[in-house]
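Below: one structure, written as structure tokens.
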Amino acid sequence: MKPTFYVTTPIYYVNDVPHIGHAYTTVAADVLARYKRLMGYDVYFLTGSDEHGQKVEKAAITAGETPLELADRVVKRYQALWERLGISHSDFIRTTQERHKKGVSEIFSNILAKGDIYLGEYEDWYCTPCETFWTETQLIEGRCPDCNRPVEKLKEESYFFRMSKYQEQLLAHIEAHPDFIQPKSKRNEIVSFIKEGLRDLSVSRTTFTWGIPVPGNDRHIIYVWFDALTNYISALGYPDETGNYSRYWPVDVHLIGKDILRFHAVYWPTFLMAAGLPLPEKVFAHGWWTVEGQKMSKSLQNVVEPNMLIDKYGVDVVRYFLLREVPFGLDGDFSHTALIQRMNSDLANDIGNLLSRSTAMAVKYFEGILPEPSEMIDIDLALKTKTGEMIAIVDKFIDELAFSKALQAIWDVISAGNKYIDDSAPWTLAKDPANRGRLATVMHTLLESQRITHCVLSAFLPTTAGKALASLGYAEEISKEKLVWGGLKAGTVITKVEALFPRYEGKE
RNA sequence: GGCGGUGUAGCUCAGUUGGCUAGAGCAAGCGACUCAUAUUCGCUAGGUCCGGGGUUCGAAUCCCUGCACCGCCA
């Protein structure tokens, strides 16, 4: 039986417009999923949308439709973008689906029955026009931070989750599992947050209706995070603990943005503990993108729209840039200049041109029919070895979610390929018929190295890798077993195709 | 205010437990080749490793202190 691998993105808020941050998490998850599939894993890759809450309810009223109509309409923005980005998710969960509501109701009832959810009173400052509760510390000079109007102290009946009870258990878990929260700096933040003391968490609201009602008490709607986080198991069929749930849970990694780390590293694990379910293996919080050095915001109108980037540069350029430019886990800056730099240097000049010059020579010297190689000498063997070693290096970096390092390792082989051509100088060999055998070996070595490279790269740049492998006359389905040397057979038809990546000469 | 982090070549950053003349990529300059998307390959960086003090035979790497920036919490 294949080993399993379960990876998730957050479910994105349906009312938001997809931006580069959403694309980032999802592309990273996709690369991970594709890579693990390639390596023989039985992969479940989940993404989806969070469709409940007051904002959706309000937006729907404004638009003159029901909340579900609104959600149905706008969820397509995400689904269409994932389609364009080549996202290979196994499932797309919407929190308005019956399977999800069932899962949430069940886990809520379960914890309620165990006594870790109880009915109490929630007292805080309430802004009536905004219909929002604020804590004392959120207020700005005693007024609503959103609209600056006066607030009043209000008591609301609310269900509470006994999160405080799980403080020590959670700390012990984090202690025992050093990789549970990553990167490390974020883990430390969470640890100090927990040590300051966990309070019980209000997990229901009575101020709006668009959501999942508390079982047995319709006046209460289950709080957003309790609802949303449960998607990770409701999508697997929970409360049915057979089938996909037993197959994939606990999740191997939740990929998230750093803004929602607390919910994933504190709330979610304690919910699971209370429900008696296993905890995630890993929660990885990646960084934020600034744009041209500035924080992304609607008011600055600098939100980077992924569709625009794809139109302008192409899918794989965007995928490559996002994962190569910045170490996963750190913040990074998006700029057109930097993207074009990467595109020209790494993609057009290095990898694109390497394939171009290689296939051109195969066509020119051997009419595009891959010749039988003769004995390999040192420089051939060096490239072969380097190509083989790259696989283990990439594997290690992928496990660490160090996507940029994995790509660097792949590019080391690309560079070695370019250098190999200069060192072996096929154009010189071609001048003397006596070197025919040697030339054949050089061409074979060169193309085989790229065949393996593009097989690995298919996890990152599926479209490009497909084009490159087609150019190499390689049509087999890629798998771990195919990553060993010798996949290209003599007689294979090599064709020079259009450039994998254009050079971008414009200013922006 | 509490806790934590960062500050290394023009830019982005690597630099395990302190130890050869402090490294990589990109940018820039020079040279070489010509198969290729004027692409590739080679060579070239003399950077107070934020400032100051200390420990040590020896510190970018440890300790103290100052400055700057950032994150989490309050």
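Chain letters run A, B, ... following the sequence lines, proteins first, then strands; residues in each count from 1.
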Task: Rounded interatomic separation in angstrom, taking NZ from Lys195(A) and P from C3(B) - done: 14 Å
Open item on the list: Could you go through Tyr159(A) and Tyr118(A), starting from their C-alpha distance and side-chain angles, then the distance that decides it, and tell me whether this counts as side chain to side chain contact (heavy atoms under 4.5 Å, CB included)?
Closed with: CA-CA 5 Å; Tyr159(A) 284 89; Tyr118(A) 60 92; over 6 Å; no
TODO: May I ask which nucleotide in the shown strands pairs with G1(B), Watson-Crick or G-U wobble, both distances under 3.5 Å?
DONE: C73(B)
Open item on the list: Can you tell whether the side chains of Glu389(A) and Lys386(A) come within less than 4.0 Å, N to carboxylate O?
Closed with: no
Open item on the list: Measuring only the C1' atom in each nucleotide, how far is G7(B) from C49(B)? A whole number of Å is fine.
Closed with: 10 Å
Open item on the list: If I take atom CG in residue Asp331(A) and atom C1' in nucleotide C69(B), what distance separates them, rounded to the nearest angstrom?
Closed with: 13 Å
TODO: Just name whichever nucleotide pairs with G42(B), Watson-Crick or G-U, keeping both distances under 3.5 Å, else none.
DONE: C30(B)
TODO: Tell me what Tyr365(A) touches on the nucleic acid: a base, only sugar-phosphate, or nothing, going by heavy atoms under 4.0 Å.
DONE: sugar-phosphate
Open item on the list: Measuring from atom CG of Leu407(A) to atom CZ of Arg342(A), what distance do you get when rounded to the nearest 0.5 angstrom?
Closed with: 9.5 Å
Task: Whole-Å C1' distance, C50(B) and C57(B) - done: 27 Å
Task: Whole-Å distance separating the CD1 atom of Ile414(A) from the P atom of U39(B) - done: 18 Å
Task: U48(B) and U8(B), which share atom name P, separated by this distance in whole Å - done: 12 Å
Open item on the list: Does the structure show a Watson-Crick or G-U wobble partner for A68(B), both distances under 3.5 Å? Name it, or say none.
Closed with: U6(B)
- [ ] Counting heavy atoms from C-beta on, name the nucleotide in G42(B), C33(B), U37(B) closest to the side chain of Trp427(A).
- [x] C33(B)
Task: Pair Asp399(A) + Lys282(A): basic N to acidic O under 4.0 Å - done: no
- [ ] Please determine if Asp380(A) and Lys384(A) form a salt bridge, counting it only when a charged side-chain N lies under 4.0 Å from a carboxylate O.
- [x] no
Task: Candidate nucleotides U37(B), C35(B), G42(B), ranked by approach to the side chain of Asp422(A) - the nearest - done: C35(B)
Open item on the list: Base, sugar-phosphate or nothing for Ser356(A)? Non-hydrogen atoms, less than 4.0 Å.
Closed with: base
What nitrogen or oxygen pairs link the protein and nucleotides 25-27 of chain B at under 3.5 Å?
{"residue": "C26(B)", "atom": "O3'", "partner": "Gln341(A)", "partner atom": "NE2", "Å": "3.0"}
{"residue": "C26(B)", "atom": "O2'", "partner": "Gln341(A)", "partner atom": "NE2", "Å": "3.3"}

Task: d(CE, Met443(A); P, A36(B)) in whole Å - done: 12 Å
Task: Base paired to A59(B) (Watson-Crick or G-U; both N/O distances under 3.5 angstrom) - done: none
Task: Spacing between Asn349(A) atom CG and U37(B) atom P, to the nearest angstrom - done: 12 Å
Task: Gap between atoms CZ and C1', on Arg187(A) and C3(B) respectively (whole Å) - done: 15 Å
- [ ] Could you give the distance separating A74(B) and U56(B) at their P atoms, to the nearest angstrom?
- [x] 44 Å
Open item on the list: Could you tell me the Watson-Crick or G-U partner of U16(B), where both distances fall under 3.5 Å? Say none if there is no partner.
Closed with: none
TODO: Could you give the distance separating C62(B) and A38(B) at their P atoms, to the nearest angstrom?
DONE: 49 Å
Open item on the list: Assess, by modelled atom type and distance only, whether the side chains of Tyr24(A) and His19(A) contain a donor and an acceptor separated by less than 3.5 Å.
Closed with: no
TODO: Take atom CZ of Arg503(A) and atom C1' of U40(B), then tell me their distance rounded to the nearest Å.
DONE: 12 Å
Open item on the list: If we check side-chain contact (heavy atoms from CB on, under 4.5 Å) with Leu255(A), which of these qualifies: Thr9(A), Thr8(A), Leu401(A)?
Closed with: Leu401(A)
- [ ] Scan Ala348(A) against the nucleic acid and name what it touches under 4.0 Å (heavy atoms): base, sugar-phosphate only, or nothing.
- [x] base
- [ ] Only one of Phe501(A), Phe460(A), Tyr313(A), Trp411(A) passes ring pair (Phe, Tyr, Trp, His ring centres under 6.0 Å) with Tyr320(A); say which it is.
- [x] Trp411(A)
Task: Nucleotide U12(B), atom P - distance to CZ of Phe321(A) in whole Å - done: 13 Å
Task: Span that lies between the C1' atom of A60(B) and that of A14(B), in whole angstrom - done: 12 Å
- [ ] On RNA chain B, check which nucleotide each of Lys364(A) and Phe193(A) is closest to and give me the residue with the more 5' one.
- [x] Lys364(A)
Open item on the list: Taking the C1' atom in each of G25(B) and C69(B), what is the distance between them to the nearest angstrom?
Closed with: 25 Å
TODO: Compare the minimum distances between each of U37(B), A36(B), C72(B) and the side chain of Leu500(A), then state the nucleotide with the smallest one.
DONE: U37(B)
Open item on the list: Strictly by side chain to side chain donor-acceptor pair (under 3.5 Å), give each pair with a member in residues 366-375 of chain A just once, sequence neighbours left out.
Closed with: Ser374(A)-Thr441(A)
Open item on the list: Roughly how many Å apart are A22(B) and G66(B), using the P atom of each and rounding to a whole number?
Closed with: 31 Å
Task: Which residue lies more 5' along RNA chain B, comparing Lys496(A) with Glu189(A) via nearest heavy atoms - done: Lys496(A)
